[in-house]
Q: 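One structure is given below, represented as structure tokens, and several questions about it will come after.
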There are 2 protein chains.
Amino acid sequence: MRRDIFQAIADPTRRTIIALIALQAMTPNALAEHFDTTRQAISKHLKILTECQLISQQQAGREIYYRLEVSKMKEIDSWLEQFRKIWEDRFNELDNILSTTKSDEK
Amino acid sequence: MRRDIFQAIADPTRRTIIALIALQAMTPNALAEHFDTTRQAISKHLKILTECQLISQQQAGREIYYRLEVSKMKEIDSWLEQFRKIWEDRFNELDNILSTTKSDEK
DNA sequence: TATATTTGAAACTGAATGGTTTCATAATTA
DNA sequence: TAATTATGAAACCATTCAGTTTCAAATATA
């Protein structure tokens with residue numbers, strides 16, 4: 001049971017759930033209507049998303065509203081940061097990394 | 001066999017591979033030295049990364065240099081774009097999404 | 001209070017995943 | 001040419017994963 005954000009967003013259903021509740025908090029039942037799977041399957045996805053803190057819940061009577069933890073989404077953004085440097089700084093000269101690596105001349 | 005970028009970066013070994021070749025193109029053997037697994041396991045990861053075009057290869061004699069396809073990495077960035085709007089625009093007023101959703105008044 | 005509704009948990013299942021060992025191929029090097 | 005080196009592919013295995021069906025609990029409604 002790994003269970004980090006990257007594993008969480010690997011599943012397309014979970015990515016859709018994330019996109020849906022990003023717009024507004026939703027209950028499991030309401031979410032399930034957007035999919036072909038059972039409500040229980042959605043419930044399991046919500047559990048996984050909760051475990052890695054990508055979403056949080058708020059009880060309202062017998063309903064539970066799930067909403068996105070935007071701050072956690074930023075962790076993906078942070079991981080991308082290291083590559084953003086590359087695709088910005090080295091964008092033009094990138095194609096010859098291989099040759100410089102191999103010969104190591106300069 | 002799904003095989004999209006999100007599934008590709010779900011595995012921690014693959015994320016490390018990506019980080020390594022982001023700095024400089026590398027051969028499977030050179031990469032394998034950074035891990036506790038066999039060279040063949042790394043080879044399989046490289047195959048997956050290649051299939052979703054996150055990396056590309058360039059033959060040099062009997063060696064094969066793998067390098068990161070930075071452009072493909074940007075697709076993750078693009079996906080994050082929709083949430084970036086939220087965490088920038090709605091950052092301060094976000095906490096009451098639930099209540100506005102439920103009553104739908106306003 | 002009896003019934004509906006909303007939800008999560010448990011047990012099970014088939015498919016996918018990540019790893020290993022073994023083997024084949026192609027390019028160097030002795 | 002023979003041996004070594006770099007690599008990918010195939011067969012196999014244990015574990016994880018996403019889904020289902022069934023069940024229990026808690027809240028709301030008649």
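All values reported here derive from a predicted model rather than from experimental measurement. Sequence lines set the chain letters: A, B, ... in the order given, protein chains first and strands last, and positions in each chain run from 1.
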Q: Rounded to whole Å, how long is the line connecting atom CD of A/Glu63 with atom C1' of D/dT29?
A: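 Those two atoms, CD and C1', are 14 Å apart.
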Q: Protein-nucleotides 9-11 of chain D N/O pairs closer than 3.5 Å?
A:
none

Q: Distance check needed: D/dA6 C1' versus B/Met26 CE, whole Å only.
A: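 Atom CE in B/Met26 sits about 15 Å away from atom C1' in D/dA6.
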Q: Might you list the N or O atoms of the protein lying below 3.5 Å from N or O atoms in nucleotides 2-4 of chain D, with each pair's distance?
A:
none

Q: Decide yes or no for B/Met26 and B/Tyr66: does some side-chain heavy atom of the first lie under 4.5 Å from some side-chain heavy atom of the second?
A: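 Side-chain contact under 4.5 Å: no.
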Q: Taking side-chain contact (heavy atoms from CB on, under 4.5 Å) as the criterion, tell me which of B/Ile21, B/Ile5, B/Val70, B/Ile48 meets it with B/Leu54.
A: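 Going through B/Ile21, B/Ile5, B/Val70, B/Ile48 one by one, the side-chain contact (heavy atoms from CB on, under 4.5 Å) with B/Leu54 is satisfied by B/Ile5 alone.
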Q: To the nearest 0.5 Å, what is the distance between CD1 (A/Ile64) and OG (A/Ser56)?
A: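 It is 11.5 Å, given to the nearest 0.5 Å.
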Q: Could you tell me the Watson-Crick or G-U partner of C/dA11, where both distances fall under 3.5 Å? Say none if there is no partner.
A: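 Looking at the geometry, C/dA11 pairs with D/dT20.
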Q: Could you tell me how far apart A/Gln7 (CD) and C/dA16 (P) are, to the nearest whole angstrom?
A: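 Taking CD of A/Gln7 and P of C/dA16, I get 16 Å after rounding.
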Q: For a quick test of reading the model: is some side-chain N or O of A/Tyr66 closer than 4.0 Å to OP1 or OP2 of C/dG8?
A: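 So the side-chain polar atoms of A/Tyr66 do come within 4.0 Å of the phosphate oxygens OP1 or OP2 of C/dG8, strictly under.
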Q: Roughly how far, to the nearest 0.5 Å, is the SG atom of A/Cys52 from the NZ atom of A/Lys72?
A: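 Interatomic distance, A/Lys72 NZ to A/Cys52 SG, rounded to 0.5 Å: 7.0 Å.
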Q: Do NZ/NE/NH1/NH2 and the carboxylate oxygens of A/Asp77 and A/Arg84 come within less than 4.0 Å?
A: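 Judged by the 4.0 Å cut-off on N to carboxylate O distance, A/Asp77 and A/Arg84 do form a salt bridge.
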Q: At under 4.0 Å, does any side-chain N or O of A/Thr37 touch on OP1 or OP2 of D/dG19?
A: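 Indeed not, no polar side-chain atom of A/Thr37 lies that close.
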Q: Do B/Ile18 and B/Met73 come close enough that some side-chain heavy atom pair is under 4.5 Å?
A: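 Yes; the side chains approach each other to less than 4.5 Å.
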Q: Less than 4.5 Å apart, any side-chain heavy atom of A/Glu69 and any of A/Ile55?
A: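 They are not in contact (no side-chain heavy atoms under 4.5 Å apart), so the answer is no.
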Q: Roughly, in whole Å, what's the span from CD1 in A/Ile48 to P in C/dA9?
A: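 Distance, rounded to whole Å: 12 Å.
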Q: With syn defined as a glycosidic torsion within 90 degrees of 0 and anti otherwise, which applies to D/dA24?
A: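 You should classify D/dA24 as anti.
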Q: Distance check needed: D/dC17 P versus B/Phe6 CZ, whole Å only.
A: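 Interatomic distance, CZ of B/Phe6 to P of D/dC17: 19 Å.
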Q: Rounded off to whole Å, could you give me the CG-to-P distance for the B/Asp11 and D/dT16 pair?
A: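 In whole Å, D/dT16 P and B/Asp11 CG are 14 Å from each other.
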Q: Just to confirm, is there a sub-4.0 Å distance from OP1 or OP2 of C/dT17 to any side-chain nitrogen or oxygen of B/His45?
A: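 For C/dT17, OP1/OP2 do not have a side-chain N/O of B/His45 under 4.0 Å.
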Q: Could you check how far CD of B/Glu51 sits from C1' of C/dT17, rounded to whole Å?
A: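 Rounding to the nearest Å, CD of B/Glu51 and C1' of C/dT17 are 13 Å apart.
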Q: Check whether any side-chain heavy atom of B/Phe83 sits under 4.5 Å from a side-chain heavy atom of A/Ile76, and report yes or no.
A: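 With C-beta onward as the side chain, the pair stays apart.
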Q: Partner of D/dT27 by Watson-Crick or G-U wobble geometry, both contacts under 3.5 Å, or none?
A: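 WC or wobble partner does not exist here.
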Q: From C-beta outward on B/Asn29, which listed nucleotide comes closest to its side chain: C/dT7, D/dT7, C/dT20?
A: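 Ranking C/dT7, D/dT7, C/dT20 by closest atom to the B/Asn29 side chain puts D/dT7 first.
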Q: Mind checking side chain to side chain donor-acceptor pair (under 3.5 Å) for A/Asn29 and listing every partner two or more places apart, or none if nothing turns up?
A: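 None.
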Q: Just so I know, are the side chains of A/Leu46 and A/Pro28 near enough to count as touching, which here means a heavy-atom distance under 4.5 Å?
A: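 They are in side-chain contact.
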Q: Starting at atom CZ of A/Phe35, determine the distance to atom P of D/dA18, rounded to an integer number of angstrom.
A: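 Those two atoms, CZ and P, are 13 Å apart.
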